[in-house]
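Got a structure for you, questions after.
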Amino acid sequence: MHPFALERPRDLPGALALRAQSGRNDVAAEYIAGGTDMVQLLQENVRRPDRLVSLGGLLDKRIDVSPQGLRLGAGATMAEVAAHPALAAEFPVIAEALLNSASPQVRNQATMGGNLLQRTRCPYFRDTGYSACNKRIPGSGCSAIRGENRWHAVLGGSDDCIAVHPSDLAVALVALDAVVHIQGSGRERNVALAQFHRLPRSTPHIEAELRPGEVVAAITVPASPVARHSHYLKVRDRASFEFAVVSAAVALEMQDDGRIRQARVAVGGVGTKPWRLPNVEAAMTGSSLQREGLRKAAALAAQGAQGRGHNDFKIELMQRAIVRAAEAAGARS
Ligand SMILES: Cc1cc2nc3c(=O)[nH]c(=O)nc-3n(C[C@H](O)[C@H](O)[C@H](O)COP(=O)(O)OP(=O)(O)OC[C@H]3O[C@@H](n4cnc5c(N)ncnc54)[C@H](O)[C@@H]3O)c2cc1C
Ligand code: SF4
């Protein structure tokens, strides 16, 4: 492991100032929150900062459910958010995504901000024995495109990177139009979660719309009639702490006649960022919960999808996951 100095500032402005001193250079300094991802990356030599700036105890941990919607402080842990009774009742897709993530030990430690900014599980990114990984070493190539790519993306990939964004939480949040509240030295701004994570294009090492030194301070989700009737379905290789092979977050508002008034659909395990599917949502609107209609709508998820060999099966599997998640969400009305 590369040696580093651990900075423990007293307050958030102190942390922002310390990190800002390093400018764009994230080799010089990086943030650490719960540390569940960062410590692994340090141990594996994937990240080699000279200085780690701890956000421990400095971030807002509040969880507020109100008639306006939901607000999650970036320091709230995955366990705290999943166990919040009002959140589980009003936004079940979020609680389910969290309870299907990681292990209880990780959820006790990991934060909302860290969850959105966790790095990909692409094995070539995580293993420095592979020299070609554009995300780890810009310009070095991509070992996955012609290598073992069962875990990789079929949506949003480029010739430079096809790594999947690993967060389950982000898939549920993007379905519900979440907004990320960002804080930097002397400035605050908001970015829709749908725009927060970047497509890899030719710069896969730049993953989020964060400027040097900025932190994720909070996440909000607007109140919506769809949120209560929502479900997160995760398909994984084993039942306990495993990342998604494919997942689907579906939220529905139903009419009295059993038809769908409005739908929100996002998928995970298949996209280079949390992937919203507006074409599927439009096709579900006005349809009933009959499997045939849902299946037709879900088929539109395949538009633009590109398999790379080992991951071809995900194109069919994501459609099935969407149908099953929609049936479960509809049953909640
Ligand atoms: C065994 C295991 C299984 C897992 N399984 C799953 C799973 O099934 N699904 C899933 O979604 N996740 C899974 N994870 C990942 C886990 O959810 C993340 O490790 C965790 O959410 C990261 O949060 P953290 O607070 O520990 O972040 P850290 O490890 O502290 O940081 C992660 C990154 O975020 C940055 N960062 C942290 N907070 C902020 C902030 N507020 N502002 C700006 N930058 C910040 C850090 O600089 C770092 O780059 C698993 C992890 C492990 C170890
Ligand atoms: S898919 Fe992305 S993260 Fe994986 S090897 Fe290719 S460039 Fe690296």
Side-chain angles (χ1 to χ4, degrees), residues 24 26 37 46 97 113-126 132-147 149-180 182 189-212 214 216 219 243-249 264-282 300-312 314-315 318-319 321-322:
R24 288 207 164 268
D26 66 3
D37 192 32
V46 175
N115 189 294
L116 295 187
L117 289 159
Q118 61 176 295
R119 309 299 301 274
T120 183
R121 307 310 285 197
C122 171
Y124 303 109
F125 172 77
R126 297 245 162 197
C133 172
N134 287 321
K135 201 183 266 300
R136 184 161 40 79
I137 310 166
S140 61
C142 172
S143 297
I145 287 177
R146 284 185 193 79
N149 50 40
R150 177 176 185 272
W151 306 279
H152 290 77
V154 293
L155 292 165
S158 71
D159 289 342
D160 288 321
C161 182
I162 52 169
V164 159
H165 192 274
S167 167
D168 291 295
L169 171 70
V171 177
L173 289 174
V174 85
L176 297 180
D177 298 313
V179 173
V180 183
I182 295 171
R189 61 196 183 95
N190 302 331
V191 176
L193 182 60
Q195 269 81 55
F196 180 70
H197 295 102
R198 289 196 183 192
L199 289 171
R201 297 199 173 98
S202 59
T203 53
H205 58 293
I206 305 174
E207 295 181 347
E209 293 296 335
L210 269 190
R211 296 177 191 145
E214 287 182 331
V216 171
I219 302 158
F243 289 85
V245 174
V246 164
S247 70
R264 305 274 187 278
V265 182
V267 279
V270 289
T272 51
K273 56 186 262 183
W275 204 265
R276 184 88 177 254
L277 288 163
N279 53 350
V280 176
E281 294 171 3
L300 299 177
Q303 282 179 350
Q306 184 184 7
R308 304 281 180 164
H310 304 114
N311 63 355
D312 293 349
K314 287 188 175 184
I315 297 174
M318 79 174 153
Q319 297 170 49
I322 292 167

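Note that the coordinates shown come from a computational prediction; the quantities given were computed from them, not determined experimentally.
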### Query
Of Ile315, Val246, Val164, which is the lone residue that meets side chain to side chain contact (heavy atoms under 4.5 Å, CB included) with Val154?
Ile315
#### Entry: Residue pair Val267, Ser247: steps toward the side-chain contact (heavy atoms from CB on, under 4.5 Å) verdict
CA-CA 5 Å; Val267 279; Ser247 70; 5.8 Å; no
### Query
Does the side chain of Asp160 come within less than 4.5 Å of Pro204's, by heavy atoms?
yes
### Non-hydrogen atoms of Gly271 and Ala153 that approach each other most closely
C-CB, 3.8 Å
### Query
Between the main-chain N or O of Val174 and the side-chain N or O of Arg276, is there a donor-acceptor pair closer than 3.5 Å?
yes
### Task
Step through the shown structure and confirm whether more than 12 heavy atoms of other residues, nucleotides or ligands are within 6.0 Å of CG on Asp159.
no
### Side-chain donor/acceptor of Asn149 to backbone N/O of Ile145, under 3.5 Å
yes
### Task
Mind listing the closest non-hydrogen atom pair of Cys161 and Lys135 along with its distance?
SG-CE, 3.9 Å
#### Entry: Euclidean distance, Gln303 CD relative to Leu155 CG, rounded to 0.5 Å
10.5 Å
### Query
Under 4.5 Å between any side-chain heavy atoms of His310 and His152, yes or no?
no
### Message
For the backbone of Trp151 and the side chain of Lys314, can you confirm whether one donor and one acceptor N or O come within less than 3.5 Å of each other?
### Response
yes
### Exam field: side chain Asp37 to backbone Gln118, donor-acceptor pair closer than 3.5 Å
no
### Nearest heavy atoms of Ser140 and Ala132, plus distance in Å
O-CB, 3.3 Å
### Query
Given Leu210 and Phe196, is the side-chain contact (heavy atoms from CB on, under 4.5 Å) satisfied, shown in steps?
CA-CA 8 Å; Leu210 269 190; Phe196 180 70; 4.1 Å; yes
### Query
Quick one: CD1 on Ile162 to SG on Cys142, what's the gap to the nearest 0.5 Å?
5.5 Å
### Query
Taking the side chain from Thr272 and the backbone from Gly156, do they hold a donor-acceptor pair closer than 3.5 Å?
yes
### Task
Return yes if some donor-acceptor pair links the side-chain N/O of Arg121 with the main-chain N/O of Arg126 below 3.5 Å, else return no.
no
### Summary
Tested for side-chain hydrogen bond (donor to acceptor under 3.5 Å, both in side chains) against Glu207, the lone hit among Lys273, His165, Arg198, Arg119 is Arg119
#### Entry: Side-chain donor or acceptor of Ser167 paired with backbone N/O of Leu116 under 3.5 Å
no
### Summary
What one should report as the nearest heavy-atom pair of Thr120 and Ala163 is OG1-CB, 3.5 Å
### Message
How close do Ala172 and Ala249 get, counting heavy atoms only, and between which atoms?
### Response
CA-CB, 3.9 Å
### Query
Between Leu117 and Ala208, which heavy-atom pair has the shortest distance, and what is it?
CD2-CB, 3.8 Å
### Task
Start with the C-alpha distance between Ile182 and Val191, add both sets of side-chain angles, then the distance that settles side-chain contact (heavy atoms from CB on, under 4.5 Å), and finish with yes or no.
CA-CA 8 Å; Ile182 295 171; Val191 176; 3.7 Å; yes
### Query
Do other residues, nucleotides or ligands put more than 12 heavy atoms under 6.0 Å from Arg146 CZ?
no
### Message
Checking the side chain of Asn115 only, and the main-chain atoms of Ala170 only, is there a donor and an acceptor separated by less than 3.5 Å?
### Response
no
